[in-house]
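What you see below is based on every heavy atom in this structure, not just the backbone, and it leaves out hydrogens, waters and symmetry mates.
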Amino acid sequence: MTESEAEAIGLPQSKPAPEELIPLLQSADLSSQPVIPATIVYGLSDVTADEFRALAPVWASLPALAKDKVLRALNEASEVMFELNYREIALRCLCDESGLVRATAIELLWADESAETMRKLMDLAETDLDSAVKSSALKNLGRFILLGEYGDIPAELAARAQELTLRAHRDEGQSVEVRRRALEALANSSHGAVNELIHAAYTNGNHELKLGAIFAMGRTCNKMWRNFLLAELENADSECVFEAIRACGQVQLGEAVQRLGEYTLGDDQEIQLMAIWSLGEIGGKRAFEILARLEENVEDAGLANAIDEALDAAGFSLSFAALGLDLDDD
């Protein structure tokens with residue numbers, strides 16, 4: 001990150017040393033502060049094991065809510081500035097006595113694809129007594145299971161993760177949230193039980209499991225779920241609609257384009273943004289036209305940026321279609 005970039009977003013121009021962070025961490029109850037100081041956000045990036053040992057006593061003395069707030073601030077920063085790296089503090093916090101902190105630390109490892117982190121997530125998913133921690137670990141195992149499908153992690157690890165998520169989903173003694181996240185993670189694989197499990201969860205009658213099933217339909221990237229997804233686009237339940245919109249994009253369901261276009265004009269911004277993203281993923285001439293027309297009338301900067309990204313994705317598919325390659329143009 002350049003000095004000008006750091007200055008523009010309020011970060012110090014040079015990375016603070018650990019000893020500079022200690023008084024900031026000690027100065028006040030961080031959980032009550034509206035914003036975590038930029039010095040802390042920047043200073044905790046790329047912390048080494050030795051540096052964290054210097055911070056460990058003051059970090060350990062913080063209340064769980066303060067730790068959670070700091071970790072959430074780090075997560076938000078890492079999603080905007082990919083060069084920020086909080087792996088060391090996140091791994092350390094996986095052993096925190098607070099389940100709240102452990103669960104948030106898992107989310108902070110969203111970009112970590114190492115075998116070490118995968119093993120830690122599997123351990124937490126199997127042995128942690130906090131349901132929220134188990135749920136977060138299972139959810140984040142999904143990306144590792146997908147890596148296994150591409151052969152990017154050892155086959156033995158991928159198989160272990162699949163069996164772990166399968167057991168967790170089938171275990172009716174687990175919370176519904178745990179079972180939901182386990183199914184969502186397993187849906188990233190080609191495991192033979194996936195489609196049957198999705199259908200069972202969808203028809204189970206439990207709202208949370210149904211949401212997980214709709215999400216999982218999208219992760220399979222299989223158009224066999226076409227009729228279910230089209231039906232859910234008409235559901236009065238906004239959560240079901242949101243998940244169905246996302247799944248339509250992942251499945252690249254051309255039949256949904258017109259309905260998705262209508263959702264881009266709605267009042268629910270989360271649904272609106274997801275519909276825009278989904279149109280970009282589906283692509284094709286009609287999706288591109290809807291996005292282009294929407295762009296002409298948008299004033300909100302965040303919405304305009306989402307439309308631009310979706311247009312890029314939709315335009316990419318159009319370019320391939322123009323070359324005569326095998327892409328649907330519904």
Practice item. Report whether L211 and L209 are members of the same hydrophobic cluster (ILVMFWY, side-chain heavy atoms less than 4.5 Å apart, transitive linking). Key: no
Point to revise | Check ion pair E97-R102 (N to O, under 4.0 angstrom) | key: no
Point to revise | Pair E149, N188: side-chain N/O donor-acceptor within cut-off below 3.5 Å | key: no
**Study point:** NZ/NE/NH1/NH2 to OD/OE distance under 4.0 Å, E126 and R167
**Key:** yes
Practice item. Indicate if F228 and F215 have the same hydrophobic cluster label, given that clusters are the connected sets of ILVMFWY residues with side-chain heavy-atom separations under 4.5 angstrom. Key: no
Exercise for review: Identify whether F242 and I198 are in the same connected component of the hydrophobic contact network (ILVMFWY, side-chain heavy atoms under 4.5 Å).
Suggested key: yes
Review point. Quick one: do the E20 and T39 side chains pair a donor with an acceptor below 3.5 Å?
Key: no
Review point. Are V70 and L74 close enough, and set up right, to give a side chain to side chain contact (heavy atoms under 4.5 Å, CB included), and what steps lead you there?
Key: CA-CA 6 Å; V70 171; L74 303 185; 4.2 Å; yes
Review point. Are L55 and L84 linked, directly or through other ILVMFWY residues, by side chains that come within less than 4.5 angstrom of each other?
Key: yes
Point to revise | Test side chain to side chain contact (heavy atoms under 4.5 Å, CB included) applied to L253 and R226, step by step | key: CA-CA 7 Å; L253 194 58; R226 171 190 287 105; 3.7 Å; yes
Review point. Applying the side chain to side chain contact (heavy atoms under 4.5 Å, CB included) test to I276, which of L291, I245, L260 qualifies?
Key: L291
**Study point:** Shortest non-hydrogen separation from S175 to S131 and the atoms involved
**Key:** OG-OG, 2.8 Å
Point to revise | N-O pairing of R293 and E296 below 4.0 Å | key: no
Review point. Quick one: does NZ or CZ of R259 land under 6.0 Å from the six-membered ring centre of Y263, within 45 degrees of the ring axis?
Key: yes
Review point. Between R72 and D68, does at least one N-O distance fall below 4.0 Å, as a salt bridge requires?
Key: yes
Check your understanding: Just checking, is any N or O donor in the side chain of S114 or D112 under 3.5 Å from an acceptor N or O on the other one?
Key -> yes
Practice item. Run the salt-bridge test on K210 and E232 with the 4.0 Å N-O cut-off and return the result as yes or no. Key: yes
**Study point:** Least distance between heavy atoms, L233 atom then A256 atom
**Key:** CD1-CB, 3.8 Å
Check your understanding: What is the minimum heavy-atom distance between M118 and A161, and which atoms define it?
Key -> CE-CB, 3.6 Å
Exercise for review: Could you pull out the closest heavy-atom pair between N75 and S78, with the gap in Å?
Suggested key: O-OG, 2.8 Å
Review point. Which heavy atom in I271 sits nearest to a heavy atom in S238, and how many Å separate them?
Key: CD1-O, 3.9 Å
Point to revise | Residues R219, E184: salt bridge by 4.0 Å N-O rule | key: no
**Study point:** Positive for side chain to side chain contact (heavy atoms under 4.5 Å, CB included) with R246, one of M217, E281, M274
**Key:** M274
**Study point:** Residue pair V133 / I106: nearest heavy atoms and the distance that separates them
**Key:** O-CD1, 3.7 Å
Exercise for review: Using a strict cut-off of less than 4.0 Å between a Lys/Arg side-chain nitrogen and an Asp/Glu carboxylate oxygen, indicate whether E116 and R87 qualify as a salt bridge.
Suggested key: yes
Review point. Charged N to carboxylate O under 4.0 angstrom, E177 versus R181?
Key: yes
Review point. Is there a chain of hydrophobic side chains (I, L, V, M, F, W, Y, each step under 4.5 Å between heavy atoms) that links Y202 to V194?
Key: yes
Check your understanding: Can a salt bridge be assigned to the pair D46 and K15 using a cut-off of 4.0 Å between side-chain N and carboxylate O?
Key -> no
